[in-house]
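Reading through the structure tokens given below for one structure.
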Amino acid sequence: DHDAKILNTLSNCGSSRGTFQYASDVAKLSKCVVSVLDVLTENIVQYKIHLHASTISAATTSQILKFQISQNDIDKGQIAITSKGTNLVYSLSKADDRDPLVIENSLWLLRSLLETESENIFVANPSKERMAECLVKIGILSEKIQEIVKISFKLPKSLRPALMEKCMELTALIDALRARAAIAAVGKLTNEQIAEWKDLASRPRLTNRRANKELDKRTLANVDILNDSAKQIQNVVDRLDFDNLVFPADIMENCTCIFTLNTPKEAMQEGDCMCLTLQVRRSEATIFDPNQLTIENIGLTWMTCDTFFETSAIAKRYANSDSIKYDAPLKPNTLAEAVPSPQPSKSDFQGGFDKKNSSSLVKGVAAEDINAIMPLYLSKDHWEIAKLKMKPVLGYVCTLDVTGFTASQTLIVPFLVLYKSIADSKNHDDNRTRFIRRLVEETCDAVYETRPTFRQDTVKRYHDYLASPIYRHTEVVPRTSTFLMHLYTALRAGDITIDDFRGSVSLLASAVLEETIRRYFRDIEAIPSNLELYNIDKAKMVTNVVDEWEKATMASDSSSESNAALMFRLARSSASIQKVQDENTPEAVTTTTTTSSDKNAKNSSAAPPMEIKAPVFNASKFTISAATESFIQKTTQHTSHSLDQLFYALKHIANLSTTPDPLTTMKPINRLCMIIQCHEQRKHADRLAAIESGIYVDFTSPTTPSKATKAFIETRWTRTIQSERQREINNVMLTRSAGDAFKSSNQFAKSIDVDECAGLVMTVAKSIGGPAFASFLGIFQTTKYVHAAVRGDDALKVEKLRLFVLGEHDGVILRVDRHHGRLRWKPSRKNMFRIWVAYRRIMTREMFVDLFPDNVLHIDSLYNASKYYIYEDPM
């Protein structure tokens with residue numbers, strides 16, 4: 001009671017009353033802290049302050065006014081201030097929670113509170129109670145952020161993205177702090193780790209929740225590994241005899257840390273290692289696949305590992321210090337507009353997860369940008385420390401988190417640096433590039449030699465890559481440059497003999513060329529049209545032929561056959577030709593508007609059909625158009641440059657006179673076929689399906705028969721002409737069949753020709769959910785239609801329902817679901833009930849289940865209920 005009186009007296013001291021929380025014992029202290037936090041996060045009321053118009057002339061824009069607002073001012077709704085002898089009167093009004101400025105201020109406050117909690121989390125030997133308290137506070141702040149997210153969705157669309165981005169940044173920070181608090185609660189953070197990780201652990205710009213969870217999982221799994229690495233490094237330092245430690249002269253001369261001026265030997269004495277500096281770009285996909293990392297540049301500067309992390313921590317603190325800037329002047333007409341909104345920092349020291357931005361952590365000796373490093377093999381003793389430092393370094397390079405490393409990063413990132421160093425030595429062959437390339441090669445050799453399983457896998461992938469294209473897709477070889485650098489290292493280690501490589505280098509080059517082109521097409525959509533690609537004269541091969549056909553059909557008796565039936569039979573004939581040509585049958589096929597096996601010919605009074613002869617492909621007269629030749633040249637030019645870069649190192653290690661270039665030995669028609677096939681099979685699933693079905697052809701091989709090339713072009717040449725003709729014919733038939741949906745559905749109901757019914761569905765009800773679909777659906781839901789309104793037997797009525805539901809007839813696709821891309825129509829429970837009532841007397845349960853497999857349970861329930869109820873026609 002005595003303490004409470006003292007606290008109450010203290011709270012009344014000063015110009016305004018304060019607040020306090022009283023705890024009778026230490027055990028209740030945490031509850032009081034949470035209550036104070038509740039006051040900060042839940043009971044904050046923001047007010048807008050407006051300067052009265054009568055006092056505007058007395059104000060100046062250069063003034064900075066500081067004042068306190070009392071409860072009395074709030075009750076009166078205004079505040080009076082005297083500044084330099086001038087009386088200023090401001091009005092107070094409660095701000096709306098949905099005001100963007102209010103939300104900005106709330107987010108700024110929440111971020112400040114989160115940063116305060118991060119200071120409490122990164123302490124040595126934390127108590128479990130303190131960490132549990134931090135987790136409770138973080139949970140409260142997380143709920144507050146979710147409330148702001150809900151409010152943000154009520155704002156105009158133009159204001160929403162910026163606020164949502166800030167909310168996602170805070171959410172990512174909360175996820176990171178929760179993981180660190182969980183680790184600290186177990187007591188596994190040492191003083192050294194706290195100093196090293198404190199400013200490197202947060203991922204403020206990571207918005208992928210799946211990536212956050214993955215990194216948090218890695219943090220929990222890797223913290224013990226980092227502790228063991230620190231102990232192992234200390235053991236190595238204690239064991240080494242530094243007096244007798246010797247490095248090559250060129251290493252001692254060139255490899256000196258830019259900041260500490262330490263040589264490799266001096267760095268090792270401090271438990272550190274020398275690193276190569278890099279400039280990299282990364283996306284969030286790099287967290288899961290290190291192959292997505294882009295090595296932008298290799299720097300001229302050398303830096304030790306610990307120096308890099310210390311510099312990164314300093315850069316982050318500098319970036320945070322200017323993350324909020326208040327430079328807006330005080331405006332006399334409204335103080336609310338003078339309150340500056342937080343501006344994002346421009347000090348992007350990490351580069352973040354932005355594939356287009358590499359940024360800069362520090363400038364090197366040649367003013368080059370540096371935001372990453374890689375430990376190097378300088379000697380056997382140096383590598384003992386460097387390979388342990390490699391884990392947190394590569395974790396940071398790929399994920400911006402030292403605890404985010406995986407074993408795959410060690411097998412990929414050094415080889416990406418090797419590829420870049422070889423490319424640099426190719427473009428600028430001097431002492432520096434050769435020196436760096438040698439060190440990176442030795443580093444990759446050290447990584448490769450100590451992993452027998454990986455060595456065996458590399459040799460196996462090499463032979464599989466040569467054997468079949470099924471082993472060249474991204475699941476087996478995520479990045480071709482990485483794979484070839486593995487192969488290059490295997491050649492240096494002797495796992496693949498030089499003679500064996502020389503014998504298969506042409507086959508390897510052809511395989512790499514084709515796969516590079518195929519992957520190139522994944523990002524390129526603009527290609528010549530099929531008419532240009534196959535050099536087809538549209539006027540001669542399409543337009544003139546369709547015009548002649550239209551004149552002939554117009555001259556015939558219009559009553560001989562309905563337009564809808566004619567259209568369907570044309571489509572069926574085209575489908576037959578398509579099937580024949582897909583089987584690579586070269587002989588010409590005649591297209592007709594009907595077939596001799598037409599099962600409904602006896603019910604039709606059609607005149608002899610009008611024939612449209614399929615085009616005959618003449619391989620000797622086929623030429624490549626100028627547009628296609630330009631497209632081929634552009635594609636091959638891009639891939640040839642990539643191939644030259646990839647094979648530069650392999651050429652020298654195998655003592656090859658020139659870089660193998662399969663394009664120079666390929667015929668023009670083979671190049672065209674290869675590029676077309678790569679574009680058609682640019683998706684991984686399409687390539688696998690082509691290989692499994694046996695339609696894949698290796699056009700890069702000199703043994704590929706000309707017959708296969710001719711059949712490949714002929715199939716697509718004929719298919720293109722047939723498709724263009726069918727499109728023109730469809731336009732003609734649609735014009736002739738123009739009419740309202742009701743008229744077409746009546747014609748469908750009265751027709752006894754299944755082909756005519758199929759044509760009506762194709763031309764009118766061609767899309768599920770389309771405007772005419774309901775009119776056709778209605779005729780299947782009335783008992784009157786099914787029993788009296790149509791001529792024909794029950795089988796015909798069932799056949800009409802079948803082609804309408806399945807969306808195809810005689811191999812011809814009639815329509816698709818425009819929302820789900822499927823053929824079969826799946827009725828709702830209401831539509832299923834109405835169709836069942838109308839058809840239950842002419843269809844058995846098995847027929848219903850066969851036609852509506854997704855409605856089996858509903859059909860069974862209808863049959864069970866029919867034992868007790870009599871269903872009448874719902875119409």
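In this structure, a donor-acceptor pair under 3.5 Å is present between the side chains of Y448 and D495. Donor-acceptor pairing under 3.5 Å is recorded for the side chains of T433 and D430.
In this structure a side-chain-to-backbone donor-acceptor pair under 3.5 Å is missing from S379 to F247. Without hydrogens or angle criteria, R518 side chain to R682 main chain gives a donor-acceptor distance under 3.5 Å. In this structure a side-chain-to-backbone donor-acceptor pair under 3.5 Å is missing from R437 to R434. T263 places no side-chain N or O within 3.5 Å of a backbone atom of M252 that could act as its donor or acceptor partner. Side chain of S468 to backbone of D464: no donor-acceptor contact under 3.5 angstrom is found. Side chain of E680 to backbone of Q677: no donor-acceptor contact under 3.5 angstrom is found. For R432 (side chain) and L300 (main-chain N/O), no donor-acceptor pair under 3.5 Å exists by modelled atom type. Not one N or O on the side chain of K391 forms a donor-acceptor pair closer than 3.5 Å with the backbone of L226. Of the possible polar contacts, one joining the N222 side chain to the F405 backbone as a donor-acceptor pair under 3.5 Å is found. Between the side chain of H486 and the backbone N or O of F415, no donor-acceptor pair lies under 3.5 Å.
Side-chain atoms of E296 and K420, non-hydrogen and from C-beta on, never get closer than 4.5 Å to each other. Residues K387 and T450 fail the side-chain proximity criterion, which asks for heavy atoms closer than 4.5 Å. By the 4.5 Å heavy-atom criterion applied to side chains, V393 and F309 are counted as neighbours. With a 4.5 Å cut-off on side-chain heavy atoms, D445 and Y377 do not count as touching. The closest side-chain heavy-atom distance from I675 to F521 is below 4.5 Å. Counting heavy atoms from C-beta outward, E515 and P469 have side chains that stay 4.5 Å or more apart. No side-chain heavy atom of Y465 sits less than 4.5 Å from a side-chain heavy atom of V476. Using a 4.5 Å heavy-atom cutoff, the side chains of T443 and L276 are not in contact.
For the pairing with N291, the side chain to side chain donor-acceptor pair (under 3.5 Å) check across T480, T482, T286 returns one residue only, T482. Of the residues listed (I412, L484, T474, L416), the one engaging R479 in a side-chain contact (heavy atoms from CB on, under 4.5 Å) is L416, and it is the only one.
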Stepwise side chain to side chain contact (heavy atoms under 4.5 Å, CB included) check, I295 with Y419: CA-CA 9 Å; I295 309 299; Y419 176 70; over 6 Å; no
Derivation of the side chain to side chain contact (heavy atoms under 4.5 Å, CB included) call for D272 and N262: CA-CA 10 Å; D272 204 351; N262 282 345; over 6 Å; no
Side chain to side chain contact (heavy atoms under 4.5 Å, CB included) assessment of N297 paired with L278: CA-CA 6 Å; N297 288 305; L278 308 169; over 6 Å; no
Side chain to side chain contact (heavy atoms under 4.5 Å, CB included) evaluation trace for T260 with E270: CA-CA 12 Å; T260 63; E270 298 177 0; 6.0 Å; no
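Ring geometry for W302 versus F435: interplanar angle over 60°, hence perpendicular rather than tilted (30 to 60°). Ring-plane geometry between H473 and H684 is classed as tilted, the angle between the planes lying from 30 to 60 degrees on a 0 to 90 degree scale.
Here the CZ atom belonging to F631 is positioned 10.0 Å from the OG1 atom belonging to T636, to the nearest 0.5 angstrom. We find the CD1-CG distance between I225 and L388 to be 11.5 Å, quoted to the nearest 0.5 Å. One distance of note links OG of S408 with CZ of F454; it measures 10.5 Å at 0.5 Å rounding. Rounded to the nearest 0.5 Å, atoms CD (E514) and OG1 (T516) are 10.0 Å apart. Between I373 atom CD1 and T307 atom OG1 the span is 8.5 Å, to the nearest 0.5 Å. Annotation: the span from T410 atom OG1 to L394 atom CG amounts to 5.5 Å, rounded to 0.5 Å.
For E442, there are no side-chain hydrogen bond (donor to acceptor under 3.5 Å, both in side chains) partners, not counting sequence neighbours. Under the side chain to side chain contact (heavy atoms under 4.5 Å, CB included) criterion, K426 pairs with D644, Q645, Y648, sequence neighbours left out. For the side chain to side chain contact (heavy atoms under 4.5 Å, CB included) test, residues two or more places apart in sequence or in another chain that qualify with V236 are R239, L240, E384, I385.
Nearest heavy-atom pair across M303 and I258 is CE-CG2, 4.1 Å. Listed here is the closest heavy atom pair of P290 and V413: CB-CG2, 4.3 Å. Residues R519 and P478 share a closest heavy-atom pair of NH1-O, 3.2 Å. Here the shortest heavy-atom pairing between R282 and V397 reads NE-O, 2.7 Å. In this structure, D500 and H463 approach most closely via the heavy-atom pair OD2-CE1, 3.7 Å. Shortest non-hydrogen contact noted between G404 and L215 is CA-CD2, 4.1 Å.
Atom OH of Y471 has 12 or fewer neighbouring heavy atoms from other residues, nucleotides or ligands inside a 6.0 Å radius. Atom CD of Q633 sits in a sparse spot, with 12 or fewer heavy atoms from other residues, nucleotides or ligands closer than 6.0 Å.
Looking at R438 and E441, no side-chain N of the basic residue comes within less than 4.0 Å of a carboxylate O on the acidic one, giving no salt bridge.
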